[in-house]
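Residue numbers run from 1 in the order of the sequence given.
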Amino acid sequence: MTKPDRQLAEKLLKISAIKLQPDIPFVWGSGWNSPIYNDNRRILSYPDVRNYVKVEIAKNIIEHFGNADVIASVSTASIPLGALVADTLGLPFIFVRETPKDHGLENLIEGNLKPGQKVAMIEDVISTAGGTLRATEVINNAGGEVLGGVAVFHYEFPMAVKRLNDTNVDMIALCTYNSMVEAAVDMKYIEPGDVETLKAWRKDPANWVPDTDNFSKLTNL
């Protein structure tokens, strides 16, 4: 039987929530060249995938953070999923803004978080873990207690894993970078030779440049 992480990897690749271009990379907002682009917002347009992700997140919250009082979404992309999961579990829902609201109450947290409430977070993608750690700090500073959370996809960059471990933030991933690469090879989405490229990128994503003729031609246009 295929493991849940591999099942989800296949689903995300099929609906183009994950796209791989080892030869002609994407450019992230951070300026990094990347052979992968992740857009989990696409999950919302596919009811079967959306329901699968919702159920898997809910199951993991029950198993790992069963005493949670509140569900919190970390970023904009995870807000719809967070609301779906909170509804499934019958729990209150909040979300954490990236920056304070620029008018009114200037909230960082939208929704009602009571002091002492235990919180399970939902993240769509963990890359550097900066957003996850910031949301944890905001919730804890507001009087909540972050138990940990569930992410749809985790790149498992060494610096992100270290940051989460150092701060004792327990984030469960439904799908990891390694399981995605394995699924992509089995599906013939990429060639076996592309695996080394994908592994090299993850080791040092900030400085990675593909060594390909296609990329050289593209950058010289």
Is any side-chain heavy atom of Val152 closer than 4.5 Å to a side-chain heavy atom of Ile57? yes
Measure the shortest side-chain to side-chain distance between Val150 and His64 over non-hydrogen atoms and say whether it is less than 4.5 angstrom. no
Is there a side-chain contact between Tyr177 and Ile36 in this structure, where contact means two heavy atoms from C-beta onward sitting under 4.5 Å apart? yes
Donor-acceptor contact below 3.5 Å, side chain Asn165 vs main chain Val161: yes
Under 6.0 Å between ring centres: does that hold for Trp28 and Trp208? no
Check whether Arg202 reaches the backbone of Phe157 with its side chain - one donor and one acceptor, N or O, closer than 3.5 Å. no
Distance-only side-chain donor-acceptor flag, Gln21 / Tyr37, under 3.5 Å: no
Side-chain heavy-atom pair Trp32, Phe26 within 4.5 angstrom cut-off: no
Distance-only side-chain donor-acceptor flag, Glu123 / Thr132, under 3.5 Å: yes
Give a yes or no on whether the backbone of Ile43 and the side-chain of Arg50 come within a donor-acceptor separation of less than 3.5 Å. no
Quick check: do Ser179 and Lys3 have side-chain heavy atoms less than 4.5 Å from each other? no
Flag the pair Leu147 / Met121 as yes when at least one side-chain heavy-atom distance between them is below 4.5 Å, and no otherwise. no
Ser73 side-chain N/O to Ser78 backbone N/O, donor-acceptor pair under 3.5 Å: yes
Please answer: with hydrophobic residues joined when any side-chain heavy atoms are less than 4.5 Å apart, are Ile62 and Leu91 in the same cluster? yes
Taking atom types as modelled and ignoring hydrogens, do the side chains of Asn38 and Asn40 form a donor-acceptor contact shorter than 3.5 angstrom? yes
Should the pair Asp87-Lys54 be classified as a salt bridge under the 4.0 Å nitrogen-to-oxygen rule? no
Check whether any side-chain N or O of Asp194 sits under 3.5 Å from a backbone N or O of Ile190 as a donor-acceptor pair, and report yes or no. no
Does Lys11 make a cation-pi contact with Tyr46, if we ask for NZ or CZ under 6.0 Å from the ring centre and within 45° of the axis? no
Of all the heavy-atom pairs spanning Leu8 and Cys175, show the shortest one and how long it is. CD2-CB, 3.9 Å
Are any of the side-chain heavy atoms of Ile122 and Ile61 separated by less than 4.5 Å? yes
Output yes when Glu137 and Arg134 qualify as a salt bridge under the 4.0 Å nitrogen-oxygen rule, no when they do not. no
Would a single hydrophobic cluster contain both Met187 and Val181, if residues Ile, Leu, Val, Met, Phe, Trp and Tyr are joined by side-chain heavy-atom contacts under 4.5 Å? yes
Evaluate the ring planes of Tyr155 and Trp201, with Trp represented by its six-membered ring, and classify them as parallel (under 30°), tilted (30 to 60°) or perpendicular (over 60°). perpendicular
Interatomic distance, Asn33 atom CG to Asn207 atom CG [nearest 0.5 angstrom]: 10.0 Å
